[in-house]
Amino acid sequence: MGNDYFRFKQFTIYQSAVAMKVGVDSVLLGAWVGVHGVSRILDVGTGTGLLALMLAQRVPGANIDAVEIDEDACRQARQNVLNSPWKEHIQVTCDDFRNFADQCTTRYDLIISNPPFFTASLKSVDEKRNVARHNDSLPPSDLLKGAKKLLASRGNLAVILPSVQGRLFAEEASAYGLSVKRILNIQSLPSKPSYRMLVELSNVNEELPVDEQTLCIENDGNTGFTDEYKNLTKDFYLFKTKE
């Protein structure tokens, strides 16, 4: 997905100004997250605006705030929003999420994020890519702290992380009064272990029954995408392609 744009069924994402292009992770998260009863949404680290636009498509009439620390990405997200059918419902703010959370008085039914997750890996010479991929700019504790402050009383926080970090994030969330509600483990192939984890947390400080499932993206033998993956993403992808 290295093109300057990626076309979905109802909107197009232009991405020449951002370090992190459209990828499977955000599409999975945006298609999977629960939206029942949701009317106010916050997208943390919006990048191109992809998650905000996916949620606007899924929840007609929802009011969506999207916050992004990188100025170039902010400009691109705003343009993608302006070119979409939901420009009246999405507000893009250029700010550090920690500062945004300190000042914001809105309470959200859903907070969604495809957060930076690398902690000690070798950084590239591309500073924008480092900010997008490494959690120096948004450690898990700061995301959890800010989400706890901004969530409505029964709101949810949903993220996608590598499997190990996802487990650690879910464990750390309990210290902030957030409880694991749903988990989706992602495999690239049936013969390979899970490499990503989608986690949905509830702003209810009690032990909940956890709905944990696994989804595989491709069939073995290079025979294409699984029916489960195609069914989850069918409202967004224009055609079947390998990411």
Side-chain angles (χ1 to χ4, degrees), residues 1-33 35 41-97 100 108 110-118 123-135 137-138 158-161 186 196 198 217 225 229-230 232-243:
M1 288 187 180
N3 294 334
D4 285 345
Y5 69 91
F6 193 93
R7 196 177 303 281
F8 291 91
K9 281 187 175 180
Q10 296 189 36
F11 59 90
T12 298
I13 293 291
Y14 290 90
Q15 53 186 1
S16 59
V18 299
M20 298 304 297
K21 310 303 184 185
V22 170
V24 174
D25 286 3
S26 286
V27 176
L28 284 168
L29 181 60
W32 171 82
V33 65
V35 294
I41 300 167
L42 174 64
D43 175 15
V44 178
T46 195
T48 59
L50 173 57
L51 281 172
L53 288 163
M54 290 183 73
L55 270 295
Q57 178 181 323
R58 290 188 62 196
V59 192
N63 293 307
I64 301 172
D65 291 327
V67 61
E68 170 58 49
I69 194 171
D70 181 78
E71 292 182 1
D72 290 335
C74 254
R75 282 191 287 269
Q76 188 129 72
R78 286 173 180 150
Q79 193 59 51
N80 287 332
V81 168
L82 285 173
N83 292 335
S84 79
W86 311 287
K87 61 184 178 181
E88 303 299 328
H89 296 280
I90 303 173
Q91 175 69 40
V92 179
T93 299
C94 189
D95 201 355
D96 185 309
F97 172 65
F100 178 88
Y108 297 93
L110 173 64
I111 298 177
I112 192 167
S113 182
N114 179 3
F117 51 74
F118 288 120
K123 293 188 176 182
S124 76
V125 294
D126 186 338
E127 186 57 33
K128 289 182 181 293
R129 191 169 176 84
N130 288 333
V131 171
R133 291 172 65 86
H134 292 79
N135 66 18
S137 60
L138 186 60
V159 301
I160 181 167
L161 289 163
I186 303 299
R196 289 286 188 273
L198 286 72
I217 293 177
F225 294 125
Y229 176 69
K230 289 187 287 187
L232 179 63
T233 60
K234 61 180 170 42
D235 290 339
F236 299 98
Y237 283 138
L238 267 171
F239 49 83
K240 302 179 183 68
T241 183
K242 291 185 179 181
E243 288 80 3

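Numbering starts at 1 and runs along the sequence shown. Values below: all heavy atoms of this structure, side chains included; hydrogens, waters and symmetry mates excluded.
A donor-acceptor pair under 3.5 Å links the side-chain atoms of Q76 to the main chain of S16, judged by distance alone. Side-chain atoms of S84 come within 3.5 Å of backbone N or O of W86 as a donor-acceptor pair. For R7 (side chain) and L238 (main-chain N/O), no donor-acceptor pair under 3.5 Å exists by modelled atom type. In this structure, the side chain of E68 engages the main chain of G47 through a donor-acceptor pair within 3.5 Å. Side-chain atoms of R58 come within 3.5 Å of backbone N or O of V33 as a donor-acceptor pair. Remark: side-chain polar atoms of D70 are paired, donor with acceptor, to backbone N or O of D72 under 3.5 angstrom. A donor-acceptor pair under 3.5 Å is formed between the side chain of N80 and the backbone N or O of Y14.
Annotation: side chain of D235 is not in contact with side chain of F8 (no heavy-atom distance under 4.5 Å). Two residues are said to be in side-chain contact when any heavy atoms from C-beta on lie closer than 4.5 Å; Q79 and V81 fail this criterion. Considering only heavy atoms from C-beta on, L161 stays 4.5 Å or farther from R196 through its side chain. At a threshold of 4.5 Å between non-hydrogen side-chain atoms, the residues F11 and Q57 count as touching.
Aromatic ring pairs are classed by plane angle as parallel below 30°, tilted from 30° to 60° and perpendicular above 60°; the pair F6 and Y237 is perpendicular.
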For this session: Report the C-alpha separation of L55 and L110 in whole Å, then their side-chain angles, then the decisive distance to 0.1 Å, and conclude whether the side-chain contact (heavy atoms from CB on, under 4.5 Å) test is met.
Result: CA-CA 10 Å; L55 270 295; L110 173 64; 3.9 Å; yes
Exercise. Between W32 and I160, does a side-chain contact (heavy atoms from CB on, under 4.5 Å) hold up when you go through it step by step?
Worked result: CA-CA 10 Å; W32 171 82; I160 181 167; over 6 Å; no
For this session: Would you please test D25 and I186 for side-chain contact (heavy atoms from CB on, under 4.5 Å) and show each step?
Result: CA-CA 10 Å; D25 286 3; I186 303 299; over 6 Å; no
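Atom NZ of K9 has more than 12 heavy atoms from other residues, nucleotides or ligands within 6.0 Å.
Taking CG of L29 as the reference point, atom CG of L198 lies at 5.5 Å (rounded to 0.5 Å).
Checking each of I41, D43, V27, V44 against L51 for a side-chain contact (heavy atoms from CB on, under 4.5 Å) leaves exactly one that passes, namely D43.
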